[in-house]
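Here's the structure, in structure tokens; my notes come after.
It should be emphasised that the depicted structure is a prediction, and the values quoted were computed from it without experimental measurement.
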Amino acid sequence: MKLYLWPAIAALALAFADASVLNPPVLPLIVRNPYLSIWLPQARDAPWKNWPMFWRGETVGFAVMASVPHTQTVYPLLGRPQDFLDRHSPSYNISLPHYDGATFDASTTNLTYTIRSSDIKITLSFLSPITPTSTLRQALPVSYLTCFVEGSTDVSLYIDVNGEWVSGNRGSKIQWELEEPRARPSETGLKTWRIARAQEQLFTEISDRAEWGTLRVSAPSDVKYQSGESRRTRQMFAESSSLKNEIDDTYRGIFEDEPIFAFSKTFKLRKNSTTSAHAHCDSIVFTFALTQDPVVQFASARGLTLMRPLWASHFFTAEEMIQYHYNDYDTAVHLARDYSDQLARDAYASGSRDYQDIAALSARQVLGATQFSGTPDSPILFLKEISSNGNFQTVDVIFPAFPFFLYTNPQWLAYLLEPLLEHQLSGQYPNDYSMHDLGAHFPNATGHSDGNDEYMPVEECGNMLIMGLALANALRDNTQPAFTPSALPWTRPLGPGPEKSSLNLDACGMDITHEDMGTTGEKAATKWLRRSYKMWTKWTGYLVRESLIPANQLCTDDFAGWLANQTNLALKGIVGIKAMSSIADMVGEESDAKYFGSIADEYIDKWQEFGLSRDKTHAKLAYNWYGSWTTLYNIFADALLCFHLPDEKSTTGRHSGFENSDQIPIGNEPTGKRKSKKFIPDEIYQMQSDWYHNVLQRYGLPLDSRHLYTKSDWEFFAAAVASKKVRTEILQHVAGWVNETVTDRPFTDLYDTEGDGGFPGVYFMARPVVGGHFAFLALERACQGKAAEGLAFLDSIAPAEINVRQALAADVADDQPQVEEL
């Protein structure tokens with residue numbers, strides 16, 4: 001690989017010194033899917049104080065060291081390799097560098113060090129690129145580590161990994177080999193360590209780690225290498241600032257004379273500095289891949305199917321994919337940088353520098369729960385419900401995550417929903433409501449043919465209808481990712497692959513638009529909706545029967561327990577019915593559109609009677625729970641689906657573009673000029689925005705009146721449909737939590753808003769639901785940019801000051817009618 005962009009790439013790694021304003025407890029390092037998920041724990045400390053960890057918190061063997069040969073001094077940079085060195089060796093000294101800190105954007109985490117009493121600067125730049133305009137690149141299960149060195153003194157770098165990357169059982173026996181495939185003249189020659197279980201166990205997890213698949217760690221062919229017992233190998237580097245090109249071929253257990261697999265590289269900066277007094281720079285790129293084939297098993301329409309990774313349709317072998325990925329570094333950096341920059345601009349404009357960091361910190365975590373599969377013309381995106389219970393393709397986990405996909409690439413949302421639709425359209429799920437998940441535990445999507453999945457019928461029907469219409473709107477309105485659609489001029493074209501050339505990709509692996517494929521977004525939306533129309537109508541029928549006064553059941557916040565008459569859950573179901581009216585309209589089913597629209601209008605009026613407090617200051621947690629309150633996060637869908645646009649006139653009876661949404665009850669107005677009707681009145685938005693201002697706690701907005709814990713995804717849903725002032729307040733409180741929380745796992749979405757901001761007895765971590773942090777970004781793109789305009793009225797006055805205790809007490813009265821009496 002030729003680093004054409006080396007100065008720019010170096011600037012990318014080094015210029016972020018002032019970019020990150022938040023100081024989270026954990027940072028992503030190598031995060032691509034549920035099994036390739038390596039994090040920096042205790043990120044407020046120096047990186048050599050702890051071993052990197054898998055998302056669950058267990059350590060993984062991953063060490064980086066630097067050596068300065070002329071002083072015979074070795075410096076730990078990542079992990080705790082110093083524990084394996086002799087502190088009184090006559091051959092070397094052990095010292096600690098100065099840690100300049102961590103910075104991050106959406107795709108990159110940089111750890112920067114300086115060597116005391118020298119001009120040596122080292123940056124470890126971990127890149128898991130997010131490439132919205134290249135699904136192929138996003139599907140590659142590989143991450144980069146670029147080590148940048150700067151100075152006028154020779155420096156050697158060393159990395160190693162152990163077998164914990166390929167098994168959750170420390171007693172597992174592993175095997176390994178070093179590959180040196182022949183490279184083409186235009187390619188960088190590579191050395192690659194291959195590590196795998198000696199006996200793989202397909203579709204099996206131990207402690208959430210895959211027990212099948214191969215770890216591949218690659219480096220340019222001029223590196224030194226060594227495998228062997230951990231203490232001896234690390235001491236070898238400390239003594240000589242290099243490795244011996246030796247391979248220990250005695251296969252054994254992960255911690256049986258712990259075998260590690262190492263590379264080293266010496267940078268001759270002193271030689272390069274003879275003609276200049278200035279420090280010189282150099283770098284090396286390593287890649288880390290976890291290749292699995294197949295990736296999951298899925299009860300598809302044709303039966304239980306072993307699903308291959310998407311990359312396997314483009315490359316004949318894993319080795320070919322690794323080589324392509326390595327040589328594609330410049331383009332990957334370019335696309336990832338473009339996404340990060342645009343996200344930073346959008347998040348800053350939408351909120352603040354704090355929001356910029358929160359969105360950046362969330363992005364890799366969302367995609368770290370996914371696995372791309374399918375074929376080039378029919379990609380599928382599988383998702384694991386990380387940490388909470390491991391369910392496969394959980395609908396109410398996709399739902400809080402879906403704003404990320406609407407913002408980043410709406411087509412990826414289609415890939416997420418596809419396996420749920422295919423499975424249920426094939427008749428393998430017996431209930432008349434949407435299923436909760438595709439399988440009790442990832443990676444086994446074996447379905448629930450007995451219908452005994454987790455019982456959240458109103459929740460999941462509403463979720464599917466809301467997401468379905470949101471996606472159709474995005475396709476229809478051509479809500480293309482606002483990111484660069486082009487690769488670099490020198491990007492290497494894809495070679496021939498096992499499958500025929502995809503209609504969805506250009507020669508350089510970039511996604512192409514509907515127009516480029518000879519169709520339109522509107523046609524694509526209609527086609528997509530019509531295929532599953534019988535499912536949409538079936539689920540809506542269930543909501544018509546069950547959503548206005550929900551029976552005792554769970555909502556997505558299942559940790560809070562079962563509850564009847566949930567105000568927020570009912571609202572989701574009613575908005576789902578309204579969504580069906582628009583779906584029917586988009587596919588030309590006018591009678592269905594009118595029918596469901598009239599029911600939704602009737603229900604929303606009744607919902608306001610049932611669900612609001614007596615003094616109309618807030619929504620109650622449940623219709624008959626007086627003196628309670630709830631975060632009404634499901635109102636977000638009303639704005640997102642274009643049901644709350646600014647009032648304006650249309651010159652025709654048939655709307656187009658965003659105006660084609662079901663803003664006006666079909667048949668209620670004559671053809672010609674007419675005003676749009678807002679489904680949920682402005683007063684409800686204003687009421688909730690004011691309430692949030694008054695119930696904020698130290699670290700954010702509690703979920704409801706039962707507890708002081710919160711869900712960060714729902715905080716951001718609520719903030720997106722609040723006034724700018726209240727949104728800023730919520731952001732500031734959440735940012736304070738990010739800086740101060742004692743949680744020690746990847747970004748939890750469930751935490752206490754008081755005390756030390758810790759886990760509330762339930763430990764959620766690394767979950768993709770943090771895609772909900774993109775709620776306002778998705779809202780700003782919705783309805784051709786007019787969804788957010790419909791909420792501008794919230795900024796016309798300051799939030800009302802409410803005596804919360806008094807308001808709740810006033811709502812508790814003996815003469816309140818029970819729901820059954822209404």
Side-chain angles (χ1 to χ4, degrees), residues 1-4 30 32 36 127 129 136-137 139-147 157-163 165-166 174-198 200 212-228 242-249 251 259-265 283-295 308-333 490-499 507-509:
M1 175 184 58
K2 299 178 181 179
L3 292 181
Y4 297 97
I30 296 170
R32 292 302 276 177
L36 186 59
L127 174 66
L136 167 63
R137 288 176 173 84
L140 303 181
V142 201
S143 284
Y144 300 97
L145 165 59
T146 307
C147 303
L157 283 180
Y158 164 100
I159 73 164
D160 71 48
V161 299
N162 74 355
W165 294 61
V166 297
I174 56 173
Q175 57 190 23
W176 57 86
E177 64 178 310
L178 183 74
E179 292 182 333
E180 296 185 70
R182 184 185 299 274
R184 298 186 180 94
S186 61
E187 297 177 337
T188 299
L190 298 178
K191 288 187 173 79
T192 299
W193 284 115
R194 289 184 52 189
I195 306 109
R197 279 188 54 135
E200 297 181 48
W212 83 105
T214 301
L215 176 68
R216 288 174 160 88
V217 183
S218 299
S221 57
D222 61 348
V223 296
K224 301 290 187 180
Y225 62 87
Q226 190 162 333
S227 64
S242 186
L243 295 173
K244 299 297 184 182
N245 290 349
E246 296 176 348
I247 298 178
D248 175 348
D249 57 5
Y251 302 151
I260 60 173
F261 314 96
F263 288 126
S264 71
K265 168 76 172 181
S283 67
I284 184 172
V285 176
F286 301 98
T287 65
F288 299 78
L290 183 63
T291 57
Q292 298 170 296
D293 189 1
V295 288
R308 303 196 68 197
L310 183 59
W311 62 260
S313 297
H314 297 278
F315 304 98
F316 288 99
T317 64
E319 291 76 17
E320 184 181 327
M321 182 269 290
I322 297 295
Q323 184 73 61
Y324 174 85
H325 175 269
Y326 195 95
N327 287 279
D328 192 55
Y329 177 72
D330 291 349
T331 300
V333 169
W490 54 83
T491 298
R492 185 165 63 102
L494 287 168
E499 305 270 347
C508 292

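The shortest side-chain heavy-atom distance between Y251 and P259 does not fall under the 4.5 Å cut-off. Residues Y225 and I247 have side chains in contact (heavy-atom distance under 4.5 Å, counting atoms from C-beta outward). A heavy-atom distance below 4.5 Å is found between the side chains of W490 and D330. With contacts defined as side-chain heavy-atom distances shorter than 4.5 Å, the pair S143/H325 does not qualify. Side-chain contact check for I284 versus C147: some heavy-atom pair is nearer than 4.5 Å. Residues L310 and L136 are not in side-chain contact: their nearest non-hydrogen atoms beyond the backbone lie 4.5 Å or more apart. In this structure, the side chains of S227 and L178 stay at 4.5 Å or more apart for every pair of heavy atoms. Residues L127 and V333 are in side-chain contact: their nearest non-hydrogen atoms beyond the backbone lie under 4.5 Å apart.
A distance of 11.5 Å separates CD1 in I322 from CG in N327, rounded to the nearest 0.5 Å. Atom CZ of residue F286 and atom OG1 of residue T146 lie 9.5 Å apart, to the nearest 0.5 angstrom. How far NE2 of H314 is from CG of L494: 7.0 Å, rounded to the nearest 0.5 Å. Taken from NZ in K191 to CD in E179, the straight-line distance is 13.0 Å, to the nearest 0.5 Å. Put simply, CD1 on I195 and CG on L290 are 10.5 Å apart, with the number rounded to the nearest 0.5 Å. The CZ atom of R197 sits 14.5 Å away from the CG atom of L215 when rounded to the nearest 0.5 Å.
For P220 against Y326, the heavy-atom pair with the smallest separation is CD-OH, 3.1 Å. A pairwise comparison of heavy atoms in M321 and T291 identifies CE-CG2, 3.8 Å as the closest pair. A pairwise comparison of heavy atoms in P496 and E320 identifies O-OE2, 4.1 Å as the closest pair. The heavy-atom pair separating G163 from I174 by the smallest distance is CA-CD1, 3.8 Å. Heavy-atom minimum distance, V295 versus W212: O-CZ2, 3.2 Å. A pairwise comparison of heavy atoms in A262 and Y158 identifies CB-CE1, 3.5 Å as the closest pair.
Side chain of W176 to backbone of D248: a donor-acceptor contact under 3.5 angstrom is found. The main-chain N or O of L140 is found under 3.5 Å from a side-chain atom of R32 such that the two form a donor-acceptor pair. Here the side chain of E200 pairs a donor or acceptor atom with the backbone of G213 at under 3.5 angstrom.
Classified by interplanar angle (parallel below 30°, tilted 30° to 60°, perpendicular above 60°), the ring pair W165/F288 is parallel.
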Could you go step by step and tell me if V166 and T214 meet the side-chain contact (heavy atoms from CB on, under 4.5 Å) rule?
CA-CA 7 Å; V166 297; T214 301; over 6 Å; no
Go through it in stages, so that I can follow the logic: the residues are R216 and E319, the test is side-chain contact (heavy atoms from CB on, under 4.5 Å), and I'd like the CA-CA distance, side-chain angles, deciding distance and then a yes or no.
CA-CA 9 Å; R216 288 174 160 88; E319 291 76 17; 2.9 Å; yes
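The pair D222-K265 counts as a salt bridge, with a side-chain nitrogen and a carboxylate oxygen less than 4.0 angstrom apart.
Applying the ring-ring contact (aromatic ring centres under 6.0 Å, His included) rule to F315 yields the partners Y324; only residues at least two apart in sequence or on another chain are considered.
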